[in-house]
Amino acid sequence: MWKLKRTHTCGELRVQHVGQNVILNGWVESRRNFGNLIFVDLRDRYGKTQVLFSPDRAQELVALADALKNEWVIAVKGVVRRRDTETVNPKIVTGEIEVDAIELEVLNEAKTPPFPISEHLAVSEETRLQYRYLDLRRPSMQRNLITRHKVLHAIRTSMDRQNFVEIETPYLVKFTPGGARNFLVPSRHFPGRFFALAESPQIFKQLSMVAGYDRYYQIARCFRDEDLRADRQLEFTQLDMEMSFVQRDDVMDAIEQVCVDIWKAVLGLEVPRPFARLSYADAMREYGTDKPDLRFEMKIWDVTGEVAESGFKVFAEAAKAGVVRGLTASGAAFSRKDTDVLETFVKGIGAKGLISLKVEEGGKLSGGVAKFLGEREAGAIRVKSGAKAGDTVFMIADEEEKAASVLGALRNHLAARLDRIPKEQFRFCWVVDFPMFEKTDEGIAARHHPFTSPKDEHLEMLEKEPLKVQAKAYDLVLNGFEIGGGSIRIHRRDIQQRIFRLLGLTDEYLRDRFGFLLEAFEYGAPPHGGIALGIDRLSMLILGLDNIRDVITFPKTQRTTDLMMGSPGTVTEKQLKELHVRVVEDAEGGRAELPSVR
RNA sequence: GGGGGUGUAGCUCAAUUGGUCAGAGCAGUGGAUUGUCGAUCCACAGGUUGCGGGUUCGAGCCCCGUCACCCUCGCCA
C-alpha cells in the first residue's frame with residue numbers, strides 16, 4: 001500500500017499556495033543533481049512542477065532522490081516555496097514556485113524509455129506506434145486527445161441544446177451491398193452466415209425517423225475495410241445525425257450550429273455563419289476537387305476555346321474532346337529540376353504531362369513549348385492566367401475530369417510548397433448540387449447512396465438523362481478536407497423504386513437485402529434528411545495537424561496493422577472450427593506475412 | 001496493383017566521386033558539481049548501416065530482389 005496520495009496536480013500550484021504542505025504524484029521528467037542539491041521535474045497531464053531536494057533535509061531523502069530515474073512514478077510531500085526572482089522559470093506556469101521536499105515515496109520504477117517523453121526531439125512514427133502508451137504520455141499527444149474530448153463534449157452539449165436525442169445502434173449488422181468493403185464477423189450459431197461491422201449507421205438512423213424520434217444523433221464508430229490514407233483509418237468516428245420534417249437548409253443550419261459551438265468551446269473562436277456555398281460544378285471547375293481548400297486563391301483557369309485552333313497539337317487535340325486548363329504560381333520561379341519533379345508528381349496521378357511556362361518581362365512566355373504557341377494563344381494564356389512577369393503558369397491538356405483532378409492536386413501541392421496556406425485559419429464551405437449518379441463500367445451508380453433524394457425539379461429527367469439529375473446532397477468541407485456529407489432522403493416508395501430500378505437492382509435482390517427498410521417506409525416515413533461529420537478529421541483540423549493518427553489513441557498503419565499489439569493476429573484451430581471457418585492459402589502460395597508479434 | 005519518399009547506435013541524424021567514415025547530439029552507465037530548469041564538466045559503453053543477393057581489389061553509398069514505415073492514385077455508396 002502506498003501512502004502519499006496527491007493533494008494537488010503538477011500543473012496547479014502557484015504563488016498563492018506558498019507555505020502550504022502539499023503532496024504531488026507524477027512521473028519524473030528530469031533530475032538535475034548539483035551535489036547535495038537535487039532538482040526533479042515532476043510531470044502529470046496537468047503540467048510540470050519543480051521539486052527541490054535540499055541538503056538541509058535528511059540524508060536518506062537526498063540519497064533516495066539521487067537514485068531517481070526518468071519516468072519513475074513517485075509521490076512527494078513538501079512545502080510550496082516562492083522561488084527567488086532570478087530562479088523563476090517563465091517557461092512553465094508553475095515556474096514561480098517549487099516544492100521543497102520533505103518526504104519521497106517511489107511508487108514504481110521504470111525502464112529507460114526507448115525515446116524521451118519530453119519533446120525536444122522528433123521521434124519516428126513507427127517507434128511511437130510501437131510504444132504508443134509512451135507516445136500518449138507526451139504532452140502534445142495528451143493535448144490532442146484532450147482536445148478531442150472537448151470536441152466530443154461540445155458536440156453532445158450542442159446536440160442536446162438543439163433537442164437531438166442520442167441513440168445507439170448496432171455495430172454487428174447485416175451486410176448490405178454498395179459502399180465500402182465490409183469487415184465480416186462469422187456467426188457461431190449459423191455456419192456460413194456473417195455479421196458485417198457497420199460502415200455507418202445509415203439505415204438505423206433512417207429507421208429512427210420512421211420510429212418518430214425526429215432528431216437523432218449518435219457518436220458512432222464506423223468500420224470500412226478500404227485502403228488507408230493520412231486522413232483515413234479502418235475504424236473512425238462520426239457524428240451521425242438525422243432530422244424529420246426538414247429541408248436541406250434545416251440540416252445545414254443545425255450542423256453549422258454544432259461547428260460554431262465546437263470552435264467556440266474548444267478554441268474560443270467565433271466562426272462566421274452562414275458558411276460559404278459552392279456548387280459541385282463550380283468547385284470542380286475552379287478548384288479541381290469537390291473539397292476545395294479556400295484558405296488560398298490560385299483558381300484554375302480555362303483556355304480551351306482560345307487554343308482550339310492552335311498549331312500546338314497537344315492543345316488543339318485536347319480542345320476537341322477535353323479541356324486545356326492551368327494554374328498560376330505567382331512570383332515563383334521553378335528550375336528545370338523543380339518542374340521535372342512536378343511532372344513526375346502529376347504523371348503519378350494520371351496526367352500525360354505538364355506544361356510549364358515562365359512569364360518574362362514584357363509578358364513574353366518562355367519555356368519548353370512556348371515556341372509552339374502563336375500570339376493569339378499566348379495572349380489568351382496571359383489574360384486568363386492573370387500572370388505577371390516573374391510568375392510561372394502550369395497547364396494540363398486532357399479530358400475534363402482528369403485535367404480538373406490533376407490541377408486540383410497540383411494546386412494543393414504548389415500552395416503547400418510555396419508556403420501560401422495561412423495557418424490557424426478555418427474556412428468552412430458547403431459543396432452542394434452534386435450529381436445524383438456517376439458512370440461505372442456496369443452502368444450508373446449512386447454517387448452518395450441510393451436513399452438520396454433527387455431534386456424535385458429533376459425528377460422528370462430521372463429515366464431519360466440520369467447523369468444530369470442532381471441530388472439533394474451536401475458535403476461540408478473545411479480547409480480542403482471533406483469533414484461531412486449528407487442528404488435529404490427519399491421517403492416515398494415510388495421514387496425509391498425508380499432509383500433502385502435505374503441502378504439495376506432486381507426486386508428479389510432488394511427484398512433480400514433491404515426488405516425490412518422498404519417495408520418500414522410503408523408504415524409512415526416522414527420526410528427526413530441528415531448528415532455525418534468525421535470527428536477524427538475535424539479534431540485533426542481544429543488542432544492544425546495533417547494526420548488523423550495523431551488524434552486517434554491507437555491507430556493502425558497504412559498496411560492496417562497495429563504495431564503495438566501486433567494485430568491482425570492468428571487464432572486457434574478450435575476457434576476457427578467453432579466459427580465454421582477454414583483458412584485457405586491463396587494462389588500466390590501461402591498466407592500473407594503476419595505482423596511480427598513482440 | 002501503380003507513382004513518390006524513408007530505412008546507419010535505444011532516439012534524432014551525419015558520413016565528398018565507391019577508398020581510416022562507423023561518427024555527432026540526446027538517452028544510458030560511472031564520477032564531479034549548492035540554483036538548475038533541454039543543467040554543466042570528465043570518462044565509459046553502445047553498430048548484422050532493415051534483410052538477401054550481385055557488381056567491385058574495395059559497398060552505408062552502385063545494381064537486383066525483399067521487408068517495414070510514410071505520402072499518393074485506384075478504392076473509400
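Each chain gets a letter, A, B and so on, in the order the sequences are listed, and its residues count up from 1. Predicted model only: the values in this text are computed from it and were never measured.
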Exercise. To the nearest Å, how far apart are A:E226 CD and B:G74 C1'?
Worked result: 11 Å
Problem set entry | Stretch residues 32-49 of chain A: residues that reach within less than 4.0 Å of RNA chain B through a heavy atom | A:R32, A:N33, A:F34, A:G35, A:L37, A:F39, A:D41
For this session: Would you please confirm or rule out a distance under 4.0 Å between OP1 or OP2 of B:G10 and any side-chain N or O of A:T127?
Result: no
Problem set entry | Touch class at under 4.0 angstrom, heavy-atom based, for A:E86 against every strand present | nothing
Problem set entry | Contact residues, residues 401-416 of chain A to RNA chain B [heavy atom, < 4.0 Å] | none
For this session: Using the C1' atom on both, measure B:G4 against B:C42 and round to a whole Å.
Result: 47 Å
For this session: Report which part of the nucleic acid A:R81 touches: base, sugar-phosphate, or nothing (heavy-atom distance under 4.0 Å, all strands).
Result: nothing
Exercise. Which one of A:K205, A:R489, A:Q206 satisfies the side chain to side chain donor-acceptor pair (under 3.5 Å) criterion with A:H528?
Worked result: A:Q206
Problem set entry | Pairing residues for A:F434 by the ring pair (Phe, Tyr, Trp, His ring centres under 6.0 Å) criterion, not counting sequence neighbours | A:Y280
Exercise. If you check the A:R229 side chain, which of B:U72, B:A68, B:C11 turns out closest?
Worked result: B:U72
Problem set entry | Integer-rounded Å distance: B:G4 C1' and A:R417 CZ | 15 Å
For this session: Please state the P separation for the pair B:C41 and B:C26 - nearest whole angstrom.
Result: 8 Å
Exercise. Who are the side chain to side chain contact (heavy atoms under 4.5 Å, CB included) partners of A:A196, not counting sequence neighbours?
Worked result: A:V173, A:F175, A:N182, A:L184
For this session: Mind checking A:E98 for me? I need base, sugar-phosphate or nothing, with any heavy atom below 4.0 Å counting as a touch.
Result: base
Exercise. So what does A:L52 touch, heavy atoms closer than 4.0 Å: a base, only the sugar-phosphate, or nothing?
Worked result: base
Problem set entry | Nearest-Å distance for atom pair CD/C1', residues A:E71 and B:G10 | 14 Å
Exercise. Parallel under 30°, tilted from 30 to 60°, perpendicular over 60°: which one fits the rings of A:H413 and A:F345?
Worked result: parallel
Exercise. Can you name the ring pair (Phe, Tyr, Trp, His ring centres under 6.0 Å) partners of A:Y171, sequence neighbours left out?
Worked result: A:F223
Problem set entry | All ring pair (Phe, Tyr, Trp, His ring centres under 6.0 Å) counterparts of A:F334, not counting sequence neighbours | A:F394
Exercise. At under 4.0 Å between heavy atoms, what does A:S200 touch on the DNA or RNA strands: base, sugar-phosphate, or nothing?
Worked result: base
Give me, pair by pair, the N or O atoms of the protein and of nucleotides 22-31 of chain B that are less than 3.5 Å apart, along with how far apart they are.
unit_1: B:U29; atom_1: OP1; unit_2: A:K69; atom_2: NZ; d: 3.4

For this session: Ignoring the backbone of A:N89, work out which of B:G1, B:G38, B:U36 is nearest its side chain.
Result: B:G38
Exercise. Can you name the residues that form a salt bridge (Lys or Arg N to Asp or Glu O under 4.0 Å) with A:E96, not counting sequence neighbours?
Worked result: none
Problem set entry | Toward the 5' end of RNA chain B, by each residue's nearest nucleotide, A:T344 or A:K291 | A:T344
For this session: Would you indicate what A:A445 reaches in the nucleic acid, counting non-hydrogen atoms under 4.0 angstrom: base, sugar-phosphate, or nothing?
Result: nothing
Exercise. Hey, does A:P177 reach any base, or is it just sugar-phosphate, or nothing, if we go heavy atoms under 4.0 Å?
Worked result: nothing
Exercise. Do A:K337 and A:D340 sit within salt-bridge range, that is, some charged N less than 4.0 Å from a carboxylate O?
Worked result: no
Pair up each side-chain donor or acceptor in residues 473-483 of chain A with any protein partner under 3.5 Å, not counting sequence neighbours, and list the distances.
unit_1: A:Y474; atom_1: OH; unit_2: A:S487; atom_2: N; d: 3.4
unit_1: A:Y474; atom_1: OH; unit_2: A:S487; atom_2: O; d: 3.2
unit_1: A:Y474; atom_1: OH; unit_2: A:G530; atom_2: O; d: 2.9
unit_1: A:N479; atom_1: OD1; unit_2: A:R427; atom_2: N; d: 2.9
unit_1: A:N479; atom_1: ND2; unit_2: A:Q425; atom_2: O; d: 2.9

For this session: Under 4.0 Å between any heavy atoms, over every strand shown, what does A:Q558 touch: base, sugar-phosphate, or nothing? Just pick one.
Result: base
Exercise. Does anything in residues 345-354 of chain A reach RNA chain B, meaning a heavy atom under 4.0 Å, and if so which residues?
Worked result: A:G348, A:I349
For this session: With sequence neighbours left out, write down each residue that passes side chain to side chain contact (heavy atoms under 4.5 Å, CB included) with A:F516, or none if nothing qualifies.
Result: A:I203, A:L207
For this session: May I ask you to verify if any side-chain N or O of A:T557 is less than 4.0 angstrom from the OP1 or OP2 atom of B:C69?
Result: yes
For this session: Please state whether the rings of A:F451 and A:H449 are parallel, tilted or perpendicular, taking 30° and 60° as the class boundaries.
Result: tilted
For this session: Not counting sequence neighbours, which residues clear ring pair (Phe, Tyr, Trp, His ring centres under 6.0 Å) with A:H491? List them please.
Result: none
